[in-house]
Number of protein chains: 2
Amino acid sequence: MRRDVFQAIADPTRREILGMIAHKSLNINAVTEQFDVSRAAIYKHMKILSECGLLEIRQKGRERYCEGKFERLNEVSDWVAQYRQFWEARLDSLEDYLEQLKKEKYGKSSE
Amino acid sequence: MRRDVFQAIADPTRREILGMIAHKSLNINAVTEQFDVSRAAIYKHMKILSECGLLEIRQKGRERYCEGKFERLNEVSDWVAQYRQFWEARLDSLEDYLEQLKKEKYGKSSE
DNA sequence: TAAATTTGAAACCAAAAGGTTGCATAAATA
DNA sequence: TATTTATGCAACCTTTTGGTTTCAAATTTA
């Protein structure tokens, strides 16, 4: 079966899951609570994500805490980047965005 | 049927098609020649891409030339960007990359 | 220890995805 | 005009996807 990052993030439920665990590790039941589908369905989604390296699992007793591993998204990022020049005329605005990112990362001064 | 950019770029054949038409418009037969599958299969892929706004078609006599429209990739770009801070520690290298992009765009001086 | 909780995974199902062949139509050409 | 070329699309098929129910195993907890 095909198992790559592009396919992994194609599913909206899986993108939501990644959003949920970005800031906080959650076990499978905790993730399941946020959706209308069964635990087994969520389990399968998370298995796909973990097989793609987009999440990692830490066993803790009978629970398994899942945390996002977003490094692999650089494959997507790189792929998109090669086309950026075709649509993003204003590279300066990207620079602005980058500045903003750095501010966020290295301490927000005024908020 | 679900029809969004994430799903559109999930298929490797469609990503290849986008790569082919990025620099040069091609008609459907010309695209088909590059693959092992039938014209009908390629036609379906291109239909999906056009329904997602990732390519546009210019009729020219009996031929239809397809050109890439990459603006819609910013949806993917934005989605990935929100996680960049989780994996990209070296924002400076992104700045370098940006510089390189600008050089490419505004004229390469020495090559 | 007995019961409850958390999970993994098998078996199964319906729908979607990706492919095919075949045919119709419109445009270009011999 | 008859033929070739380029395409749209229907009908059909197989595999994959995303979901379900069910059961077993391991860990807590009463």
Side-chain angles (χ1 to χ4, degrees), chain A residues 1-21 24-69 72 76 79, chain B residues 1-21 24-69 72 76 79:
Chain A
M1 89 203 76
R2 191 157 56 84
R3 194 106 317 173
D4 63 77
V5 180
F6 288 92
Q7 184 247 357
I9 66 170
D11 184 272
T13 301
R14 285 195 288 269
R15 289 201 298 280
E16 261 195 84
I17 290 174
L18 288 176
M20 290 175 56
I21 62 174
K24 186 178 168 179
S25 293
L26 295 172
N27 66 15
I28 295 182
N29 275 343
V31 172
T32 302
E33 279 172 16
Q34 308 297 313
F35 295 92
D36 279 337
V37 297
S38 68
R39 179 185 58 80
I42 297 296
Y43 166 74
K44 282 200 208 173
H45 281 308
M46 298 182 87
K47 192 172 169 88
I48 288 170
L49 289 172
S50 99
E51 283 173 5
C52 289
L54 283 168
L55 68 77
E56 240 168 44
I57 294 159
R58 280 181 302 104
Q59 189 92 30
K60 191 178 170 186
R62 67 186 162 189
E63 294 173 80
R64 305 183 77 195
Y65 283 88
C66 307
E67 59 182 311
K69 303 292 284 182
R72 293 292 307 279
V76 178
W79 184 81
Chain B
M1 90 204 78
R2 190 157 56 85
R3 193 107 317 172
D4 64 75
V5 180
F6 287 93
Q7 184 248 357
I9 66 170
D11 184 274
T13 301
R14 287 196 286 269
R15 289 200 299 280
E16 262 196 83
I17 290 174
L18 287 176
M20 290 176 55
I21 62 174
K24 184 178 167 179
S25 293
L26 295 172
N27 65 16
I28 296 182
N29 276 343
V31 173
T32 302
E33 279 171 16
Q34 307 296 314
F35 295 92
D36 279 336
V37 298
S38 68
R39 180 184 57 80
I42 297 297
Y43 165 74
K44 282 199 208 172
H45 281 308
M46 297 183 88
K47 193 171 169 89
I48 288 169
L49 289 172
S50 97
E51 282 172 6
C52 288
L54 284 169
L55 68 79
E56 241 168 43
I57 294 160
R58 281 180 301 105
Q59 190 93 30
K60 191 179 171 186
R62 69 188 161 188
E63 293 173 81
R64 305 184 76 196
Y65 283 88
C66 307
E67 59 182 312
K69 304 290 285 181
R72 294 291 307 281
V76 178
W79 184 81

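Order of the sequence lines sets the chain letters (A, B, ...), proteins ahead of strands, with each chain counted from 1.
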Check the distance between [N]'s [atom2] and [X]'s [atom1] and give it to me in whole angstrom.
| X | N | atom1 | atom2 | answer |
| --- | --- | --- | --- | --- |
| B:M46 | D:dA6 | CE | P | 14 Å |
| A:Y65 | D:dT27 | OH | C1' | 13 Å |
| B:R14 | C:dG18 | CZ | C1' | 9 Å |
| B:D4 | C:dA17 | CG | C1' | 14 Å |
| B:Q7 | C:dG18 | CD | P | 7 Å |
| B:K60 | D:dT7 | NZ | C1' | 16 Å |
| A:D11 | C:dA16 | CG | P | 13 Å |
| A:I42 | D:dG19 | CD1 | P | 7 Å |

Counting heavy atoms from C-beta on, name the nucleotide in [options] closest to the side chain of [X].
| X | options | value |
| --- | --- | --- |
| B:S38 | D:dT20, C:dT21, C:dA9 | C:dT21 |
| B:R3 | C:dA17, C:dG18, D:dG18 | C:dA17 |
| B:V37 | C:dA17, D:dT17, C:dT20 | C:dT20 |

Quick one: closest heavy-atom pair of [X] and [Y], and the distance?
| X | Y | answer |
| --- | --- | --- |
| B:R72 | B:C52 | NH1-O, 2.7 Å |
| A:A8 | A:R14 | O-NE, 2.7 Å |
| A:V31 | A:M20 | CA-CE, 3.8 Å |
| A:I21 | A:E67 | CD1-C, 3.9 Å |

Derivation and outcome, side-chain contact (heavy atoms from CB on, under 4.5 Å), residues B:R15 and B:I9: CA-CA 6 Å; B:R15 289 200 299 280; B:I9 66 170; 4.3 Å; yes

Between A:A40 and B:I57, name the one whose nearest nucleotide on DNA chain D is closer to the 5' end. B:I57

Between A:K44 and B:K44, just flag the one whose closest nucleotide in DNA chain D comes earlier from the 5' side. B:K44

So, does [X] get its side chain near the phosphate of [N], meaning an N or O under 4.0 Å from OP1 or OP2?
| X | N | answer |
| --- | --- | --- |
| A:Y43 | C:dT7 | no |
| A:H45 | D:dG19 | yes |
| A:Q59 | D:dT27 | no |

Flag for B:Y65-B:E63: side-chain donor and acceptor within less than 3.5 Å: yes

With a 4.5 Å cut-off on side-chain heavy atoms, are B:W79 and A:L18 touching? yes

Measure all distances between protein nitrogen or oxygen atoms and nitrogen or oxygen atoms of nucleotides 3-6 of chain C, and list the pairs falling under 3.5 Å.
unit_1 : atom_1 : unit_2 : atom_2 : d
C:dT5  : O4'    : A:R62  : NH1    : 3.4
C:dT5  : O2     : A:R62  : NH1    : 2.9

